[in-house]
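Okay, structure first, notes after.
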2 protein chains.
Amino acid sequence: MKKTSLNDIAKSLGVSKTLVSMVLNGHGTKNGISKQTQERVHAKARELNYKPNQIARGLRTGKSNTIGLIVADISNPFYAKLARHIEHYSSEANYNVIFCSSEEEPHKEAELLDMLADRQIDGIILSATGQDSNQILKLKRDGIPFVLIDRYYPRLNNNFVGVDNFQSAYNLTDHLIRLGYSRIAHLTVSPSHASSLRDRYKGYRAALKDANIRYSSQYYQEVSFEEPEAGVTRAIRELLEPPHIVNAIFAANNRLAVTALEVFNKWNIKIPQDVALVSFDDMDLFKFCFPPITAVAQPIQEIGRHAVELLIRHIENKEKNPPTQQIILPTKLEIRRSCGNFLTPLETLPIKTK
Amino acid sequence: MKKTSLNDIAKSLGVSKTLVSMVLNGHGTKNGISKQTQERVHAKARELNYKPNQIARGLRTGKSNTIGLIVADISNPFYAKLARHIEHYSSEANYNVIFCSSEEEPHKEAELLDMLADRQIDGIILSATGQDSNQILKLKRDGIPFVLIDRYYPRLNNNFVGVDNFQSAYNLTDHLIRLGYSRIAHLTVSPSHASSLRDRYKGYRAALKDANIRYSSQYYQEVSFEEPEAGVTRAIRELLEPPHIVNAIFAANNRLAVTALEVFNKWNIKIPQDVALVSFDDMDLFKFCFPPITAVAQPIQEIGRHAVELLIRHIENKEKNPPTQQIILPTKLEIRRSCGNFLTPLETLPIKTK
DNA sequence: TTATAAAACTAAACGCGTTTAGTAAAAATG
DNA sequence: CATTTTTACTAAACGCGTTTAGTTTTATAA
């Protein structure tokens, strides 16, 4: 039960496969194929349930109507949601998506980029590990359209869709400062070559500086991507062993925030009494944690939409070489109780239905 | 700056591309190519950084070293984690993965299956919508190796990796019953053609029956996949409007549980005082909710590992046609406080460091 | 010395849809 | 009627790696 090929249709109608190809691609009239013949071809194609082999087509045209998406970690809900939106908008524009996950490893990222190039991908959406701009230069040299998301290379003028990590981190830190916290730790991933993480750190430092709060290098804690549990455990021990060095922790991503919660739970450290916690990147359940976690929320759907639009514009105008574009979208500071204004749920009102 | 092709190597060495192809595929010695020539070919391939075009190769061999993964919803953390594990194990076995998300729509599932077939995928891992077994029959007829995950078709004897949804749901319900709950609602997704959801419902019913608890059709609430908020809101209103019909809710997946939490929060309904809540599928943050949510946890990594192993076994023994296999893995009941044994966090012990 | 075999390599077909260059027949024009 | 144009269609090349069926050269056996 093999698939119907162009040739099958051509033979069964006694015409050439050229003709069939032209008709099915809508170039029939342009090439002067008669109406009846066109109709016969369409009818037969329907009858045999013909679907063109995209691979053979791509081999000839160099176009695959497929875009590659490389995220740093598909199991992180931020990227998972982003992947879903990207898939959605691509599919609307008649593109398929190949998802990949680099797991923050530059060599895996390089491998995946090669793999995608092998597969004649039309373009790439990439959240780069940031360690090595050679990959990006190679994409540029090879003329493969691409859009960076979430993280960019400051030196290179590429297509980019993301948020203002600096300002958002500044606001988040400023929020802590206004609530009276002055010894604020920054918990981040090492090695943090990703521009997003670096900008979050810079925003944090800038907010401290503008508030005339002395920064201590003890506040800065790096945790390896591979073993967050061990790293966060160590980091929190250093930050909170008496005398407590800090009274607030800024987790630079949601995974670190969740891991911090694990550690707090294990050691019975209470938020915000013992220490305040805020997270960059929101999660559905942060609202329902005890206490709810204050976080910066990114407009994930919008990031996905713009990334797809921008990429497709570049793919479909490859010759004209449209100018690169940087799209910076607004974030939202979700203020909850993990840094004060503490109310126990027991103080909430009685059940109100309807 | 185009990519190096086989021909480039052949020409620059003055040999045929046949020879180059054979050498680079390790068939050099078998075909009597001399040692020196083989070495020259390898050296030149390295020098030109040659990477074979997988598409052209696949066109000829019919093999792409790529597997397709279709999940019901990539933004659901259960599937996102599963995707990550599947990617990991596939990559270890030298296969790439094309991820897709059917968003529970049978027609999209059908489209994606066609798309994957077009791309000469070697095999498919699928969490089927369950509405239409024709898709599955077509895969079988076309001889495409596949493994179902999470959901299966009871009538068809296919490869399958998943958990015992019936027994796990039975245990979860039984846990509620032992804590004294007798009016237990079942909140599920409509239309629930997925075997996993149906089995969860059956397990719930069986537990009620074995405990001689009368079941009322009022306990059963279905919510559409597309609009969970509106549906869950309506469902919970019906279940909890005075006089409260139920005192416990069994959410058949994590998304429903999270949405239920949203509604409870909005209406100030307290868990477990006003109503108990349990979820099928665990989430990282369920531990830290207020109160922590009792849930059935699936062994996601193991599901991914077995699915990949089983699929690759079938792909690589396509001729021998190995027997189909059903792998049922154990779940874990994570007992937390959302159904009683209520302790406020305020009663916990003082900070204990180290 | 001649037939035979082994060693080392190549031409060409293949898979399948696209595209260029071209042909045959009918219609229009002079 | 002869020539040009138009209409309707086709052969063959192409992309690129794989594979089959050889070919040429050298070595071995009869």
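Just so we're clear, the structure is a prediction, and the values are computed from it rather than from any experiment. Reminder, nothing fancy here: chain letters follow the sequence lines and each chain counts from 1.
- Every residue meeting the side-chain hydrogen bond (donor to acceptor under 3.5 Å, both in side chains) condition with Glu302(B), not counting sequence neighbours, appears here in chain and number order: Arg305(B).
- Computed from C1' positions of five pairs at each end, the angle between the two local axes of the helix from dT1(C)-dA30(D) to dG30(C)-dC1(D) equals 70°, rounded to 10 degrees.
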In B/S/- notation (B base, S sugar-phosphate only, - none; protein heavy atoms under 4.0 Å), nucleotides 5-12 of chain C written 5' to 3' is ---BBBBB

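- Remark: Asn25(A) is not in phosphate contact with dG17(C), judged by side-chain N or O atoms under 4.0 Å from OP1 or OP2.
- Atom CD of Gln36(A) and atom P of dT7(D) are 14 Å apart (whole Å).
- Not one side-chain nitrogen or oxygen of Arg60(B) sits closer than 4.0 Å to the OP1 or OP2 atom of dG15(C).
- For Arg57(B), counting side-chain heavy atoms from C-beta on, the closest listed nucleotide (dT18(D), dT18(C), dC16(C)) is dT18(D).
- Between Asn7(A) and dG17(C), a side-chain N or O to OP1/OP2 separation shorter than 4.0 Å is absent.
- Lys30(A) has its NZ atom 18 Å from the C1' atom of dT6(D), to the nearest Å.
- Here Tyr95(B) pairs with Lys63(B), Glu316(B) under the side-chain hydrogen bond (donor to acceptor under 3.5 Å, both in side chains) rule; sequence neighbours left out.
- One interatomic measurement links the two molecules: NZ of Lys11(B) to P of dG17(D), which rounds to 12 Å at whole-angstrom precision.
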Does the pair Ser101(A) and Glu87(B) meet the rule for a side-chain hydrogen bond (donor to acceptor under 3.5 Å, both in side chains), with working shown?
-> CA-CA 8 Å; Ser101(A) 186; Glu87(B) 209 275 342; 5.5 Å; no

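- Legend: residues meeting side-chain hydrogen bond (donor to acceptor under 3.5 Å, both in side chains) with Ser34(A), ordered by chain and number and at least two apart, are Thr37(A).
- Atom pair His27(B):NE2 and dT18(D):P shows a separation of 8 Å (rounding to whole Å applied).
- Ile9(A) has its CD1 atom 12 Å from the C1' atom of dC16(C), to the nearest Å.
- Comparing atom distances between the Leu6(A) side chain and each of dG17(C), dT18(D), dG17(D) picks out dG17(C) as nearest.
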Using the side-chain hydrogen bond (donor to acceptor under 3.5 Å, both in side chains) rule, take Tyr50(A) and Asp8(A) through it: C-alpha gap first, then chi angles, then the decisive distance, then the call.
-> CA-CA 9 Å; Tyr50(A) 172 73; Asp8(A) 297 335; over 6 Å; no

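- In this structure, Thr61(B) reaches the sugar-phosphate backbone alone: every heavy-atom distance under 4.0 Å involves primed, P, OP1 or OP2 atoms, never a base.
- Following rounding to the nearest Å, Leu24(B) (CG) and dG17(D) (P) show an atom-to-atom distance of 10 Å.
- Not a single side-chain hydrogen bond (donor to acceptor under 3.5 Å, both in side chains) links Gln135(B) to another residue, sequence neighbours left out.
- In this structure, Asp8(B) places its CG atom 11 Å from P of dG15(D), rounding to the nearest Å.
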